[in-house]
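Below: the structure, in structure tokens.
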Amino acid sequence: MTQDKSASERMEKIVSLCKRRGFIMQSSEIYGGLNGCWDYGPLGTELKRNLKDFWWRRMVRERDDIVGMDGSILMNRQVWVASGHEATFSDPMVDCRSCKSRLRADQLPEKDGKLHCPVCGSFDLTEARAFNLMFKTYVGATEDESAITYLRPETAQAIFVQFKNVLEVSRKKVPFGIAQIGKAFRNEINPRNFTFRSREFEQMELEYFCRPEDGVELLEYWLKERLKFYEDVGISSDLLHVHKIPPEERAHYSQGTYDIEFHFAFGVQELEGVAYRTDYDLSQHQKASGKSLEYFDEETGQHFVPHVVEPSAGVDRAVLALICAAFCEETITDPKGKAETRTVLKFHPRMAPIKCGIFPLLKNNERLVGQAREIVESLRPHMMVFYDESGAIGRRYRRQDEVGTPFGVTVDFDTIGENGPSNQGTVTIRERDSMKQVRVPIGELKSFLVDRIN
Ligand code: ATP
């Protein structure tokens with residue numbers, strides 16, 4: 001099988017698993033969907049929440065120098081005029097005259113040195129023209145020019161325009177950062193590759209303000225921090241690639257940009273950009289609003305517009321990377337010697353949607369069920385657990401393997417003392433990846449699990 005074919009088959013299996021087990025579904029599916037929009041089901045929502053919570057913990061709660069904010073999606077149109085988005089936030093678009101597809105001009109395949117339509121193969125394409133990616137909307141009851149604004153295409157601008165307020169209330173000194181997680185919208189010409197390129201998505205962004213002379217060093221610092229973050233959520237470094245953007249491809253104001261890329265089945269693609277944006281954004285807003293966005297440095301007695309380093313990550317792309325990195329099919333042999341395929345999502349326990357499955361060995365034994373339910377209630381305040389009493393225990397393990405649950409606890413006859421007192425009050429914990437089991441006293445269960453899922 002060729003590399004391409006096996007990669008696309010793997011991707012198909014991932015998409016199908018996501019739907020079948022309730023990670024990610026097409027938005028408005030019963031009406032035929034809406035291109036570029038996705039809904040997260042029960043397990044996908046947990047996974048996404050775990051990722052965002054861990055980002056917030058690393059970036060805000062565990063640090064002294066970063067505070068959070070939560071800006072509105074709709075903002076004054078002038079924000080987008082000043083930031084340059086209204087004039088230039090566009091992709092080059094061409095139309096195929098043959099099949100009428102609208103295509104990204106910079107993503108066309110080449111045949112015999114000529115660009116062609118990836119849908120029908122025709123070479124009959126229009127000239128490229130700029131297509132603005134912002135969704136336009138009207139605020140208020142009149143749909144005229146004065147009521148126009150946009151759904152934000154990035155979360156960062158809310159941070160820049162609130163820079164002064166947040167600085168004052170937080171009383172931070174440079175270098176310090178403002179972090180935000182929230183929705184962003186881009187009317188992408190070709191949404192594709194599952195959730196990778198969507199029209200509605202979420203971003204996790206940090207704007208880290210500093211003295212001009214520290215920008216270059218802080219760019220390297222944040223690149224390292226962000227790579228470490230991905231390892232800490234279970235994406236190993238061999239699946240990541242750092243692409244240093246050459247000066248001629250960087251935004252004109254940037255003094256250094258890295259893309260952190262992931263080896264997706266459909267190619268090596270950007271997960272996050274880490275950019276040193278100089279004082280461009282704050283200066284633009286200062287000029288356009290007429291309000292000072294300068295910082296007074298008490299140490300040096302100087303006033304200046306801070307420079308900024310921005311790590312900007314996509315939540316949905318990171319969730320997709322987590323799923324792709326975790327997806328695994330293994331051949332194992334059952335107790336009767338029969339080979340079978342086991343599908344496992346090998347999530348890091350801190351990312352796994354369900355942390356622990358709890359299983360009474362038999363569902364028609366009141367004591368087993370009662371004990372299992374008691375364990376569920378005792379663990380629930382501390383983690384996401386799942387109770388399952390139906391089917392053979394092996395089947396129940398497999399169902400949890402497939403959604404990445406790292407631990408399974410079984411309440412058996414030893415637990416309730418029916419095989420003598422030696423193991424009474426203990427349960428087995430089965431670990432997902434090794435499939436090894438250990439017996440642990442019920443009283444130690446919570447700390448055993450909590451130690452491993454944080
Ligand atoms: P691309 O080149 O892939 O369009 P970009 O360089 O325009 O991405 P940025 O503007 O740097 O992206 O946005 C920061 C992050 O937001 C990206 O690294 C990505 O994770 C996420 N992101 C951007 N556009 C989309 C999208 N259409 N769907 C999902 N996530 C996105």
Side-chain angles (χ1 to χ4, degrees), residues 24 27 34-40 44 48 51-52 55 59 73 80 83-85 88-93 103-107 130-135 150-160 179-208 219 222-223 226-227 229-230 233 235 240-246 249-254 256-264 266-277 280-281 308-324:
I24 302 171
S27 160
L34 180 65
N35 201 1
C37 299
W38 299 93
D39 291 339
Y40 288 79
K48 199 179 188 194
L51 177 77
K52 291 193 285 185
W55 187 90
M59 303 298 261
I73 287 172
W80 307 111
S83 67
H85 283 83
T88 61
F89 192 63
S90 55
D91 278 336
M93 179 173 75
L103 307 160
R104 272 268 296 258
D106 55 344
Q107 290 176 351
F131 173 75
N132 195 297
L133 299 180
M134 287 197 295
F135 282 97
Y150 305 95
L151 301 188
R152 67 180 179 199
E154 60 173 39
T155 60
Q157 295 305 320
I159 297 179
F160 294 128
Q180 182 174 210
I181 301 178
K183 288 271 189 181
F185 304 82
R186 297 184 188 179
N187 199 1
E188 297 281 356
I189 298 167
N190 286 133
R192 58 180 173 165
N193 291 330
F194 200 22
T195 54
F196 178 82
R197 188 171 299 287
S198 310
R199 287 184 167 136
E200 173 175 340
F201 54 96
E202 263 183 287
Q203 291 184 316
M204 309 183 277
E205 295 196 297
L206 166 70
E207 304 305 323
Y208 197 73
L219 174 67
W222 277 110
L223 174 65
R226 297 303 306 144
L227 287 169
F229 172 87
Y230 288 110
V233 296
I235 298 179
L240 294 172
H241 176 251
V242 176
H243 175 49
K244 187 171 186 171
I245 310 291
E249 288 176 27
R250 291 197 302 248
H252 65 90
Y253 46 77
S254 167
T257 302
Y258 292 106
D259 282 351
I260 299 176
E261 300 177 326
F262 177 80
H263 286 258
F264 286 102
F266 44 83
V268 180
Q269 301 272 356
E270 175 180 337
L271 271 189
E272 166 161 357
V274 186
Y276 172 23
R277 301 175 62 92
Y280 176 76
D281 307 274
V308 72
V309 174
E310 175 197 76
S312 168
V315 176
D316 310 78
R317 284 188 189 179
V319 166
L320 187 57
L322 287 174
I323 295 172
C324 291

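Start at 1 and go down the list; that is how both ligands and their atoms are numbered. Predicted model, so just to flag it, every value in this text is computed and none were measured.
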Provide, to 0.1 Å, the distance between [atom] and the closest protein heavy atom, together with that atom's residue and name.
atom: atom 14 (C) of ligand 1; answer: Ser312 OG, 3.0 Å
atom: atom 16 (O) of ligand 1; answer: Gln203 NE2, 3.2 Å
atom: atom 20 (O) of ligand 1; answer: Leu271 O, 2.8 Å
atom: atom 21 (C) of ligand 1; answer: Gly314 CA, 3.7 Å
atom: atom 29 (C) of ligand 1; answer: Phe196 O, 3.1 Å
atom: atom 7 (O) of ligand 1; answer: Arg186 NH1, 3.1 Å
atom: atom 28 (N) of ligand 1; answer: Ser198 N, 3.0 Å

Any nitrogen or oxygen of [X] lying under 3.5 Å from a nitrogen or oxygen in ligand 1? Just yes or no.
X: Arg317; result: yes
X: Ala313; result: no
X: Arg197; result: yes
X: Phe201; result: no
X: Glu188; result: yes

Quiz item: Which residues pass the side chain to side chain contact (heavy atoms under 4.5 Å, CB included) test with Arg250, sequence neighbours left out?
Solution: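 With neighbours one apart ignored, the set is Ile245, Pro247, Ser254, Thr257.
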Checking the side chain of [X] only, and the main-chain atoms of [Y] only, is there a donor and an acceptor separated by less than 3.5 Å?
X: Asp316; Y: Lys48; value: no
X: Gln203; Y: Thr155; value: yes
X: Arg199; Y: Asn187; value: no
X: Asn132; Y: Met134; value: yes

Quiz item: Excluding sequence neighbours, so at least two apart, what forms salt bridge (charged side-chain N to carboxylate O under 4.0 Å, His left out) with Arg277?
Solution: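 Salt bridge (charged side-chain N to carboxylate O under 4.0 Å, His left out) list for Arg277, sorted by chain: Asp281, Glu310.
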Exercise. Classify the contact between Asp259 and ligand 1 as side chain, backbone, both or neither, using a heavy-atom distance cut-off of under 4.0 Å.
Key: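 Neither; nothing of Asp259 gets under 4.0 Å from ligand 1.
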Quiz item: Given that the side chain starts at C-beta and the backbone is N, CA, C, O, which of these parts of Glu272 lies under 4.0 Å from ligand 1, counting heavy atoms, or is it both or neither?
Solution: backbone
Exercise. Step through the shown structure and confirm whether more than 12 heavy atoms of other residues, nucleotides or ligands are within 6.0 Å of NZ on Lys183.
Key: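 Yes, because the 6.0 Å sphere around NZ of Lys183 holds more than 12 heavy atoms from other groups.
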Practice problem: Could you please spell out the steps behind the ring-ring contact (aromatic ring centres under 6.0 Å, His included) verdict for Phe194 and Trp38? | Solution: CA-CA 9 Å; Phe194 200 22; Trp38 299 93; 4.9 Å; yes
Practice problem: Measure from NZ or CZ of Arg226 to the centre of the six-membered ring of Tyr230, then state whether that distance is under 6.0 Å and the direction lies within 45° of the axis. | Solution: yes
Quiz prompt | Per-atom contacts of ligand 1 with Glu270, taking only distances under 4.0 Å to non-hydrogen atoms | solution =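 Contacts of ligand 1 toward Glu270, numbered from 1: 2 (O), 6 (O), 8 (O), 11 (O), 12 (O), 17 (C), 18 (O).
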Quiz item: Arg317 and Phe264: which non-hydrogen atoms are nearest, and at how many Å?
Solution: O-CZ, 3.8 Å
